[in-house]
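All heavy atoms count here, side chains included; hydrogens, waters and symmetry mates do not. Labels below follow one simple rule: chain letters A, B, ... track the order of the sequence lines, proteins then strands, and each chain is numbered from 1.
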Amino acid sequence: MRKEPVLTVRVRFAPSPTGFVHIGSLRTALYNYLFAKKHNGRFVLRIEDTDRSRFVEGASENLVRILEWAGISADEGPGYNGTYGPYFQSQRTSIYKEQVEKLINAGAAYYAFDTPQEIEQMRQRQRNQGVHTPKYDYSVRDQMRNSLRLSSSEVEEEIANGTAFVIRLKIPKDRIFRFQDRIRGEVEFSSDEIDDQVLIKSDGFPTYHLANVVDDHLMEITHIIRGEEWLSSVPKHLFIYESFGWDAPEMAHLPLIFNPDGSKMSKRNIQSLDDIPAGKVDPDVESYRRKGYENSALINYIALLGWNPGKGTEQEIFMPDELVTEFSLDRVNKSRAIFDLNKLNWLNKEHLGRQPTEELVKRLEPELTQKKIDYKSDQYLYQVVDLVKSRLAFLQEFIPYSHYFFQDPEHFDEKGIRKRWKSDSAKLVLEFCQEISKLETFDVKSIEEALRRISDHHDVGAGRIIHPVRLAVTGVTVGPGLFELLQILGKETVIRRLKYAAEKLPVYKQQ
RNA sequence: GGCGCGUUCGUCUAGCGGUUAGGACGCCGGCCUCUCACGCCGGUAACACGGGUUCGAUCCCCGUACGCGCUACCA
């Protein structure tokens, strides 16, 4: 009998603020976000900053900024309001202390006064007995310095003396913890494999295990969607829920994402964006933003890394809102995925090409202005962008690719000249120049007709004129269709450039 | 080592007992064509292995191998 979800869906993304957002974290955030939106639920951002030794200044602001760039904004969390706060775990210590009392009273947790040295000695003893993974568990806890063995007056004395202590979870012996993972199906663990996990550290902060259970419960989280690295911790969490007398949320553990060579995606060894070791890939989402990836393309790609819409659909390109309607946890894969930059790049081009031209114009204008590039008018820029956008992989390529639309070429491609500028080129170009100067209307059709008249007259292929003209007008050998290009440039500009080039360009020895 | 999870073209994947095992990226041809890009057409390439169950297994079960995760007073 499955209980019907009566509550609205509430999911959370709970990163530790390390200073950067990992590609894998982005996907976890995305799946949580999509799941929430799909079910009209709430997406909560919670900062798991209970490890004070890893505190990074400004990390959570940075995190929010990157998530926002990616189009993932929270309904609740730091900077988002919400009535379940505070959303920084470091600001919730009193809550954890209060809650953990319940666990102690229920006999599910206890004080432990052992020093690190004592614990190490205990582990060493176990290793000497041939135990591979020494644990602080049922087999040794009554030999240690903790409230299980000590009398209550001794415990009070230790605390009064200011002896450092932790609070540990008393994992029961011989229990099987079984649960249904939304992605993996039934998973079970034996309690005998688990040690008495520290719940409250000696600095008074909770560990992840306590904090995430308490917060998920108090924040009324209905579904936990997180990375597979947490799967092994689930039995601990289950026992904590049970001891509190709380229902555990549904869980879904996502497979991890790896480098092309199968290794873990790590920021180590990656110094520069353009110097990434073979087989590796940059895990930092910020790098992709800086490199100029379209946010929608990255999201599209990441979504597809481990999920697909199925149902015989062969759609690959999804806009963010389509992902929301299509997403389903049931279609998330079980197996790990490898990050493939090739496919991301392809998607980027597709997304870029699908952007409305006016949108791209708007994004381009500030940079053009800043670089003092005279783009004449919005309408002129629009025409250029419209003509060129399907040829760009990144928006940043626009200026280098289209500079000649805004100023006469200063350089002419050397290889291009050798290949295309023949002994008769100047003559043909000038004739073409003369022909178009007579044109009443300067549009694609009439320009092409003019050019064909010249080529017919001299009985040469159109390419014999087209290539030199392109070179003369743009300085390069690649670009959009010539006639479209000329029309946009305008008659006057074209004639000026043709005359200049006809005079200046050298003819290399005949091929 | 123990425990857990996983394994379909190089990569992302479809498949949910009977298929010429489909698509996408990449790669290789070709078409279009004034170059590049787009687009179109075609090709390349996969069920890790071994046992079962079954009339029949990519699909269900069990092993093996391999990969990954966990095994902290880190998350």
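Backbone-only contact: A/R452 has heavy atoms under 4.0 Å from sugar-phosphate atoms and none from a base. Using a 4.0 Å heavy-atom cutoff across all strands shown, A/L482 reaches at least one base atom of the nucleic acid. Residue contacts shown for A/E316 include a base, since a base heavy atom lies under 4.0 Å away. Looking at heavy-atom distances under 4.0 Å, A/Q197 makes no contact with the nucleic acid at all. Among the atoms of the strands shown, only primed sugar atoms or phosphate atoms (P, OP1, OP2) are found under 4.0 Å from some heavy atom of A/S335. Among the protein residues, A/D196 comes within range of no part of the nucleic acid, since none of its heavy atoms lies under 4.0 Å from any strand. At a threshold of 4.0 angstrom between heavy atoms, the contacts of A/F258 are confined to the sugar-phosphate backbone, with no base atom among them. Within 4.0 Å (heavy atoms only), A/S232 reaches at least one base atom of the nucleic acid.
Protein atom CG of A/L231 is 8 Å distant from nucleotide atom C1' of B/G69, rounded to whole Å. If you measure from atom NZ of A/K135 to atom C1' of B/C70, you get 12 Å, rounded to the nearest angstrom.
One can find a donor-acceptor pair under 3.5 Å joining the base of B/C34 and the side-chain atoms of A/R470. Side-chain atoms of A/T207 stay outside donor-acceptor range of the base of B/C73, with no qualifying N/O pair under 3.5 Å. The base of B/G1 sits within donor-acceptor range of the side chain of A/T133, with an N or O pair under 3.5 Å. For B/C36, its base sits under 3.5 Å from the side chain of A/R391 at one donor and acceptor pair at least.
Under 4.0 angstrom from either OP1 or OP2 of B/C73 there lies at least one side-chain N or O belonging to A/R168. Between A/K343 and B/C27 there is no side-chain N or O to OP1 or OP2 distance below 4.0 Å. Regarding contacts with the backbone of B/G15, a side-chain N or O of A/R331 is found under 4.0 angstrom from either OP1 or OP2. One finds no side-chain N or O of A/K236 lying less than 4.0 angstrom from the OP1 or OP2 phosphate oxygen of B/C70. Neither OP1 nor OP2 of B/A72 sits under 4.0 Å from any side-chain N or O of A/R123. Using a 4.0 Å cut-off, no side-chain N or O of A/N333 falls inside it from OP1 or OP2 of B/U7. Taking 4.0 angstrom as the limit, A/N308 places none of its side-chain polar atoms (N or O) nearer than this to OP1 or OP2 of B/U13. One finds a side-chain N or O of A/T50 lying less than 4.0 angstrom from the OP1 or OP2 phosphate oxygen of B/A75.
Under the 3.5 Å distance criterion, the side-chain polar atoms of A/N300 are left unmatched by any main-chain donor or acceptor of A/S296.
Of the candidate nucleotides B/G69, B/A75, B/U11, B/U11 has the atom lying nearest to any side-chain atom of A/D340. Comparing B/C70, B/C34, B/C3 against the side chain of A/H467 picks out B/C34 as the nearest.
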Is there a salt bridge (Lys or Arg N to Asp or Glu O under 4.0 Å) between A/R464 and A/D424? Walk through the geometry before answering.
CA-CA 9 Å; A/R464 193 79 174 179; A/D424 60 356; 3.4 Å; yes
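Summarising the local packing, CD of A/Q315 is surrounded by more than 12 heavy atoms from other residues, nucleotides or ligands at distances under 6.0 Å. Shown here is A/N161, whose CG atom has more than 12 heavy atoms of other residues, nucleotides or ligands within 6.0 Å.
Checking B/G29 for Watson-Crick or G-U wobble geometry (two distances, each under 3.5 Å) identifies B/C41 as its partner.
Contact check on A/E228 versus A/R184 returns a salt bridge, with a Lys/Arg side-chain nitrogen under 4.0 Å from an Asp/Glu carboxylate oxygen. The pair A/K427-A/E431 does not meet the salt-bridge criterion, since no charged nitrogen lies less than 4.0 angstrom from a carboxylate oxygen.
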